[in-house]
> 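This is the structure I have questions about; it appears just below.
Every heavy atom of this structure was used, including side-chain atoms; hydrogens, water molecules and symmetry mates were not. Every value quoted in this text rests on a predicted model; they were computed, and no experiment measured them. This chain uses plain numbering: 1 for the first residue, then up along the sequence.
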Amino acid sequence: MKRRIVWLFLIMIGLLAIVSAQDVRFKRVSIDDGLSQSTVHSILQDHTGFMWFGTQDGLNRYDGYSFTVFRHDAQDSTSMSSSWIQSLLEDRAGRLWVGTYGGGLNLYDAKTKSFRAIKQTPTQNSSSSENRIRVIYEDRSGVLWLGTEGGLSIYDVKTNTFTFLKNDPGNPSSLS
């Protein structure tokens with residue numbers, strides 16, 4: 001029994017030595033390196049290795065050497081709907097979803113390097129028109145849940161429809 005404890009102790013010491021011997025280095029990137037703005041609201045590494053940074057002045061894609069910045073361009077319908085990026089999500093299919101502050105949801109097409117804006121409008125059944133998306137989550141069925149300033153929106157990618165959930169003081173089973 002004592003031998004097992006000694007061996008276990010020696011193995012643990014060896015593992016700690018290996019872990020502590022690893023050299024962990026951090027690289028700081030800033031506007032001096034090409035980042036469009038110093039306030040970063042969201043960070044994501046996609047399945048291809050790109051780092052994505054959502055700022056108040058665009059979506060920044062970093063390849064480890066340089067930045068490519070995507071911004072809203074009123075003259076280009078394939079640009080993002082807003083340059084103020086709040087949230088990012090890569091879904092199970094490898095698609096990049098971008099939540100903006102005031103411009104709704106955007107889907108990035110990596111092949112064409114363009115965006116498709118998906119806005120909630122008051123004319124859609126049960127939708128919110130404020131389009132300030134703070135967080136994006138994908139559930140097991142591929143439905144996107146959007147945390148907005150006005151409540152919770154559910155976006156069904158397959159049917160391209162929104163359902164908006166919010167607090168209704170008269171309904172105790174509504175969103176609190």
Side-chain angles (χ1 to χ4, degrees), residues 24-122 124 127-166:
V24 178
R25 294 175 191 226
F26 292 92
K27 180 181 177 188
R28 180 179 182 259
V29 292
S30 69
I31 55 176
D32 296 333
D33 302 300
L35 187 65
S36 67
Q37 211 256 346
S38 60
T39 302
V40 176
H41 292 283
S42 53
I43 301 173
L44 176 120
Q45 183 173 16
D46 70 16
H47 70 281
T48 63
F50 285 118
M51 294 295 299
W52 296 86
F53 301 89
T55 73
Q56 292 179 11
D57 185 35
L59 179 63
N60 297 251
R61 185 182 70 194
Y62 185 62
D63 62 9
Y65 301 100
S66 63
F67 284 94
T68 301
V69 180
F70 300 93
R71 292 184 178 97
H72 170 68
D73 178 355
Q75 307 302 316
D76 182 1
S77 64
T78 65
S79 74
M80 289 188 307
S81 57
S82 171
S83 293
W84 188 325
I85 312 306
Q86 287 286 108
S87 54
L88 299 168
L89 171 86
E90 182 178 35
D91 68 12
R92 287 178 184 80
R95 296 175 297 195
L96 180 65
W97 296 90
V98 182
T100 68
Y101 187 80
L105 185 65
N106 289 258
L107 176 60
Y108 177 67
D109 184 336
K111 291 176 186 167
T112 62
K113 294 188 173 110
S114 64
F115 294 85
R116 180 170 64 98
I118 305 164
K119 290 188 178 183
Q120 303 176 73
T121 61
Q124 286 178 302
S127 73
S128 162
S129 61
E130 49 87 16
N131 287 298
R132 294 178 181 170
I133 300 172
R134 297 277 185 172
V135 65
I136 310 168
Y137 172 78
E138 180 187 25
D139 69 17
R140 291 181 187 178
S141 63
V143 172
L144 299 181
W145 293 72
L146 312 172
T148 72
E149 285 191 6
L152 183 64
S153 290
I154 302 168
Y155 177 64
D156 189 327
V157 178
K158 294 173 187 162
T159 63
N160 191 35
T161 57
F162 285 95
T163 303
F164 186 63
L165 308 173
K166 64 179 181 176

> Classify the ring geometry of F70 against F115: parallel below 30°, tilted from 30° to 60°, perpendicular beyond 60°.
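Answer is perpendicular, since the angle exceeds 60°.
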
> As an exercise, state the distance from CH2 of W52 to OG of S42, rounded to the nearest 0.5 Å.
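If I round to the nearest 0.5 Å, the distance is 11.5 Å.
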
> How long is the span from the OG atom in S81 to the CG atom in N131, to the nearest 0.5 Å?
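One gets 7.5 Å once the value is rounded to the nearest 0.5 Å.
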
> Is the backbone of Q86 close enough, under 3.5 Å, to the side chain of R134 for a donor and an acceptor to pair up by distance?
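No; zero donor-acceptor contacts below 3.5 Å.
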
> Would you confirm whether N60, through its side chain, and S36, through its main-chain N or O, come within 3.5 Å as a donor-acceptor pair?
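At least one qualifying donor-acceptor pair exists.
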
> Can you tell if the side chain of D109 reaches within under 4.5 Å of the side chain of R116, non-hydrogen atoms only?
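No, too far: nothing below the 4.5 Å cut-off.
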
> Counting only N and O atoms by type, is there a donor-acceptor contact under 3.5 Å from the side chain of Q56 to the main-chain atoms of Q37?
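Flag not set: sc Q56 to bb Q37 has no pair under 3.5 Å.
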
> Quick one: pull up CD1 in I85 and OH in Y101 and give me the separation to the nearest 0.5 Å.
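Those atoms lie 13.5 Å apart.
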
> Would you say the side chain of I118 lies within less than 4.5 Å of the side chain of W97, judging by non-hydrogen atoms?
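A side-chain contact exists here, since the closest heavy-atom pair is under 4.5 Å.
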
> Using a 4.5 Å cut-off on heavy atoms from C-beta on, say whether the side chain of Y155 contacts that of N160.
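Counting from C-beta outward, N160 and Y155 do come under 4.5 Å.
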
> Apply the side chain to side chain contact (heavy atoms under 4.5 Å, CB included) test between L88 and each candidate in D46, L59, I43; give the one that qualifies.
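Among D46, L59, I43, the one meeting side chain to side chain contact (heavy atoms under 4.5 Å, CB included) with L88 is L59.
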
> Can you name the closest pair of heavy atoms from F162 and K119 and give their distance?
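Result for this residue pair: CE1-O, 3.9 Å.
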
> Drop me the distance from Y108's OH to K113's NZ, to the nearest 0.5 angstrom.
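Interatomic distance, Y108 OH to K113 NZ, rounded to 0.5 Å: 6.0 Å.
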
> What closest approach, in Å, do T148 and S153 show between heavy atoms, and which atom pair accounts for it?
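Distance-wise, the nearest heavy atoms are CG2-OG, 4.1 Å.
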
> Spell out, as yes or no, whether a donor-acceptor pair under 3.5 Å connects the side chain of S83 to the backbone of H72.
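Yes: the side chain of S83 pairs with the backbone of H72.
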
> Under the 3.5 angstrom rule, does the side chain of S79 hit a backbone N or O of D73 as a donor-acceptor pair?
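Yes: the side chain of S79 pairs with the backbone of D73.
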
> Where do L44 and L96 come nearest, in terms of heavy atoms and distance?
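Result for this residue pair: CD2-CD1, 3.7 Å.
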
> How long is the gap from CG on D63 to CE on M51, to the nearest 0.5 Å?
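It is 12.0 Å, given to the nearest 0.5 Å.
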
> Quick check: closest heavy atoms across L146 and I136, and the distance to 0.1 Å?
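Heavy atoms only, the tightest pair is CD2-CG2, 3.8 Å.
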
> What's the spacing between L144 CG and D91 CG if we round to 0.5 Å?
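Interatomic distance, L144 CG to D91 CG, rounded to 0.5 Å: 7.0 Å.
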
> Keeping R92 on the side-chain end and D139 on the backbone end, is there a donor-acceptor pair under 3.5 Å?
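Present.
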
